[in-house]
Amino acid sequence: MFDRIVTPFVIACVASAGILAATDGIAIAQTPAAAASSPLPPPKPPMTEQEKEKTLTAKQLFGAVQLPSIGKAVSIGHYHRGCLAAGVEFPVNGPTWQVMRLSRNRNWGHPSLINFLEKFAPAAAKATGWNGILVGDLAQPRGGPSPSDHASHQTGLDVDIWFMPMPDRVLTKEERDTISAINLVSDDWKGLNPETWTPQHVAFIKTAAQQPEVQRVLVNAAIKKELCRVEKNRPHAWLAKVRPWYKHHDHIHVRLKCPSNSPNCQAQEPVRGDDGCGAKDLDFWFSDKVLHPQTPSKPSKPPKPMMLADLPSVCKTVLEAPAKNTSLANDRR
Ligand SMILES: [Zn+2]
């Protein structure tokens with residue numbers, strides 16, 4: 001499977017070799033004797049698998065894999081440090097959904113996540129009156145850290161779903177890569193944008209949080225505050241699962257509980273029983289520290305990149321396993 005990883009490096013090497021050759025061409029013309037006595041060094045042998053594991057970061061390794069591994073679908077490790085064996089592809093079009101950002105190849109998940117989406121999409125459409133939902137990233141074919149945007153989404157149990165209705169037509173590949181989701185939050189990040197926020201968004205979030213397999217739903221704090229206001233006098237079991245988190249002003253992030261068939265899946269601690277609407281839960285998110293963070297006087301050291309050895313050891317087996325023979329019904333590449 002490393003063939004798939006080697007290719008970009010080969011291309012990069014060929015490209016830079018071309019630049020060197022052109023530059024050297026001028027030098028050769030001017031000083032042929034010197035050029036003749038200094039032959040080009042022999043090409044570097046390709047990296048061994050061991051060298052790749054030590055040199056490339058986990059996100060480079062997992063981000064380069066196009067297909068899932070063979071075997072039974074299992075979630076391994078933690079949402080932020082794990083992988084996914086035998087990921088299942090979520091179809092890019094359904095009666096009540098369309099998947100966005102197809103070029104990222106992140107519409108793979110544990111079967112429990114695929115089942116959740118197939119159930120949630122029609123339920124959300126019914127609750128909101130929308131045609132359907134727009135689905136963002138799930139996981140990569142073998143999970144693991146992704147090259148951009150997410151710390152989690154590594155075990156095939158996380159999915160982002162946009163805060164906007166599916167249009168009444170099938171979007172083109174290009175539209176799916178370029179359209180932006182709607183921001184529901186005001187410019188000062190303290191409240192909602194009355195031009196984009198609708199009561200349907202309450203129904204949308206509530207429908208997600210009410211599903212029993214859902215562990216958490218992450219939203220921007222201003223959205224959580226509004227849910228607390230409008231649902232104040234109602235039973236709040238679902239509201240406890242909706243937690244504020246950075247960003248999430250244009251999508252919800254749904255996280256499922258560990259599936260029963262995945263003994264190495266590490267669960268996140270369950271949410272507390274209260275609705276999370278108290279000052280102790282919300283005030284922090286509206287503090288200067290969050291809304292107007294100070295730029296540190298000295299640039300901080302970048303965090304150490306996650307390597308394959310930092311993930312559960314079985315993730316190495318998942319990464320190196322042969323690819324599952326999948327029909328890849330959706331032509332995305
Ligand atoms: Zn997310």
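Indexing begins at 1, ligand by ligand and atom by atom, following the structure's order.
Between Asp281 and Lys224 there is no salt bridge, since none of the side-chain N atoms of the basic residue sits less than 4.0 Å from a carboxylate O of the acidic one. Asp137 has no carboxylate O lying under 4.0 Å from a charged side-chain N of Arg101, or vice versa, which leaves the two without a salt bridge.
Counting heavy-atom neighbours within 6.0 Å of Lys126 NZ, excluding the residue itself, gives a total of 12 or less.
Residue pairs meeting the disulfide bond (SG atoms under 2.5 Å apart) criterion with at least one partner in residues 185-239, sequence neighbours excluded, are Cys228-Cys277.
Nearest to the Zn ion (ligand 1), among the N, O or S atoms that Asp160 has, is OD1. His153 has its closest N, O or S atom to the Zn ion (ligand 1) at the position named NE2. Note on His253: its N/O/S atom closest to the Zn ion (ligand 1) is ND1.
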